[in-house]
Amino acid sequence: MKTHGAGTLRAADVGSEVTLAGWVGRRRDHGGVIFVDLRDASGIVQVVLNPEEAPASEQELSSLRMEFCISITGTVRLRPGDMANPDLPTGDVEVAVDAMTVLSPSETLPFQINDRIEVDEARRLQYRYLDLRRPSMTENLRARSRTIRAMRDVMDALGFMEIETPTLIASTPEGARDMLVPSRLRKGNFYALPQSPQLFKQLLMIGGVERYYQIARCYRDEDLRADRQLEFTQLDFEGSFWGQEDVLDTLESVSIKVTKELRGVDLDRPFPRLTWHEAMERYGTDKPDIRFGMEIVDLSETFGATGFKAFSGVLASGGSIRGINAGPLGLSRSGLDGLSSRAQELGAKGLVWMVTEEAGGFRSPVAKFLSAGELDGIGAALGAKPGDVLLLVADEMRTVLEILGQIRLEVGQPDGHDELAYLFVVDFPVFERNEDGDFVALHHPFTAPVDVREMSEDPGHAISKAYDLVLNGSELGSGSVRIHDPAVQAKVFETLGISDEDAERRFGWFLEALRYGTPPHAGFAIGIDRLVAILQNAPNIREVIPFPKTQSGGDPLTGSPARVEDDQLRELGIEPRPEVKAEWAAGEEAGD
RNA sequence: GGGGGCGUGGUGAAGUCUGGAGUUCACGCCGGCCUGUCAAGCCGGAGAUCGCGGGUUCAAAUCCCGUCGCUCCCGCCA
């Protein structure tokens, strides 16, 4: 039906008789000659409809409208004179049309197919099939496809086997909410959709596979965000007789290949590494954006003997005083006070700002409470130059780091940086405490501790063989060396407060599997949506997902999620609870 | 569960703070003119439940209450 892609034609094709098919992007009707930007999946080329040259009826030509699906046959020719369009890859040529067929007309569009106009996202999703015709969306889909292809190339070259694991699995009452699927054959029972292929890939290691990967769809029934959907795609992989270095090495190979493919950039390896502790201390987060400095500095010693009560009180109660040098922000007094309110909004008691003056000294609401030695100490510790804004927070240490980490991101304007800063964060703690003070697994309970005895003696400070891949302040994925010793696994469950009976009931089948010669193994999962979104400079992952859900978990195009017939529920042995039925009835009354 | 932003012809915005005739701009749509444009140009035209419901007022896009939708964030996301 077509001999060429519209976007592929070049000066070398001049003279060729071509048949093209695609959509009318724009139409420029000069009364006689009509120019049409013919768009297909490969790009855009200008075609020229001239009633003197082509036999097509004038009526047909003038009836051409936006987004009509047409096919044309014609001859590629150089554009006359200085008519080339340097903005178009095909801009040196055009196609003189001999014959045109309207394959399929289009009604007037609900919105223009155009990268220049931002259309309300609900509308875009309702007509996603039109939205996908926009060049930026087409390009995002292609980038995603190339990413996955590059990943497969790397994994195949490294000898990994691509294996599919089931998506109808047993729910494990840990971690995120499971997406549930009712079973008809076993009424009252439910499958869960996988949050990750974790246990299955470990079973594959026990099964002797040694190197596995999968482009895996994963599901988590939690609230959506710019970087979170109910379902998302990961490059999931695992290797036997492997340790952390093998995994990080593989991650570098994948990241380098994908980055080269999408950005044409050659990354240096090895990637920088920070321990979790360093990341928290220097950037106030476990996923630092290292495209800019502005690191957090501990000032507690500077204020060891301070007379400033707000600070001395914090130190006396075991807290910490830290600051960042935000550089010359160019903020007015009210702008600086705005940062203080922002810090309070984030949960700080307050934030002290100090502007470094030309003559030395500081302009700050608290300067008069601080000694000359303290002021000098701050300036030195933060490397203050005239005009620099210093921001200080005094509070419990964890709070200080979190607040400064967040403020750092907000005043650091990382979006202005074009580079790609990949980074490994390693040596995560095994456990963290939840709000009740109980230990919970920071990563997941199958993560190997660095030292088992240390973990038993001081679980709060135990380090695990877990690591994250971070890109520009986004967590791209997590992995770990897994526990392959049933005794260690039992110890972890014990620390988590999971009784033997509980562990047996939830994971008994897995614990048993560990007892049959389990090889040491380790792995990782990279979030493909996030990776492609960042590399494509997309503001959220919906831009790189063809049919995403809205924040309330719906699809405006197909109307999912939707109610089902009573018969379907009956067959499944399910009935909505009374309060749900009441809500339905209320909705119907309101004309929902 | 909580906090913020947004909702105005088909699309995008201005108007809302400080109530006074559905006013304005760009694109699209319809009609006309036009043979070298490429976001074509020029002329004319149509197109609105100002998300929805209620309230205050002589008068509501504008103020108040409620509600729905979209979005950003916190919680949550082993």
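Not measured: the values here are computed from a predicted model. Both backbone and side-chain heavy atoms feed into the values below; hydrogens, waters and symmetry mates do not. Residue numbers begin at 1 in each chain, while the letters A, B, ... track the order of the sequences.
In this structure, the salt bridge (Lys or Arg N to Asp or Glu O under 4.0 Å) partners of A:R133, at least two apart in sequence or on a different chain, are A:E67. For the ring-ring contact (aromatic ring centres under 6.0 Å, His included) test, no residue two or more places apart in sequence or in another chain qualifies with A:Y219.
Comparing B:U62 with B:C50, their C1' atoms are spaced 10 Å from each other, to the whole Å. Taking atom C1' on both nucleotides, B:G10 is separated from B:A48 by 11 Å, rounded to a whole Å.
Contacts of A:E118 with the nucleic acid, taken as non-hydrogen atoms under 4.0 Å apart, involve only primed sugar atoms and P, OP1 or OP2. Residue A:R542 is in sugar-phosphate contact alone, with no base atom involved, counting any heavy-atom pair closer than 4.0 Å across all strands shown.
At least one test fails for A:R27 against the ring of A:F35: distance under 6.0 Å to the centre or angle within 45° of the axis.
Legend: ring pair (Phe, Tyr, Trp, His ring centres under 6.0 Å) pairs involving residues 477-501 of chain A, not counting sequence neighbours, sorted by first then second residue: A:F493-A:F507. Contacts classified as salt bridge (Lys or Arg N to Asp or Glu O under 4.0 Å) and involving residues 83-96 of chain A (residues at least two apart or in different chains) are given here: A:R77-A:E94.
Judged by Watson-Crick or G-U wobble contacts below 3.5 Å, the nucleotide B:C42 has B:G32 as its partner. B:C17: no Watson-Crick or G-U partner with both key distances under 3.5 Å is found in any strand. Pair assignment for B:A61: none, as no Watson-Crick or G-U wobble contacts are both less than 3.5 Å. Nucleotide B:C76 is matched to nothing when pairs are restricted to Watson-Crick or G-U wobble geometry with both distances under 3.5 angstrom.
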Q. For nucleotides 39-48 of chain B, read 5' to 3', which letter fits each nucleotide if B means a protein heavy atom sits under 4.0 Å from the base, S means only the sugar-phosphate is that close, and - means neither?
A. BB--------
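Residue A:S552 places at least one side-chain N or O under 4.0 Å from the OP1 or OP2 atom of B:C70.
Heavy-atom contacts from other residues, nucleotides or ligands closer than 6.0 Å to OH of A:Y191 number 12 or fewer.
A salt bridge does not link A:R177 with A:D221: every distance from a Lys NZ or Arg NE/NH1/NH2 to an Asp or Glu carboxylate oxygen is 4.0 Å or more.
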Between the protein and nucleotides 1-9 of chain B, which nitrogen or oxygen pairs are less than 3.5 angstrom apart?
| residue | atom | partner | partner atom | Å |
| --- | --- | --- | --- | --- |
| B:G1 | O6 | A:D223 | OD2 | 3.4 |

Q | Candidate pair A:T165 and A:Q214, rule side chain to side chain donor-acceptor pair (under 3.5 Å), full reasoning | A | CA-CA 8 Å; A:T165 54; A:Q214 177 176 199; 3.0 Å; yes
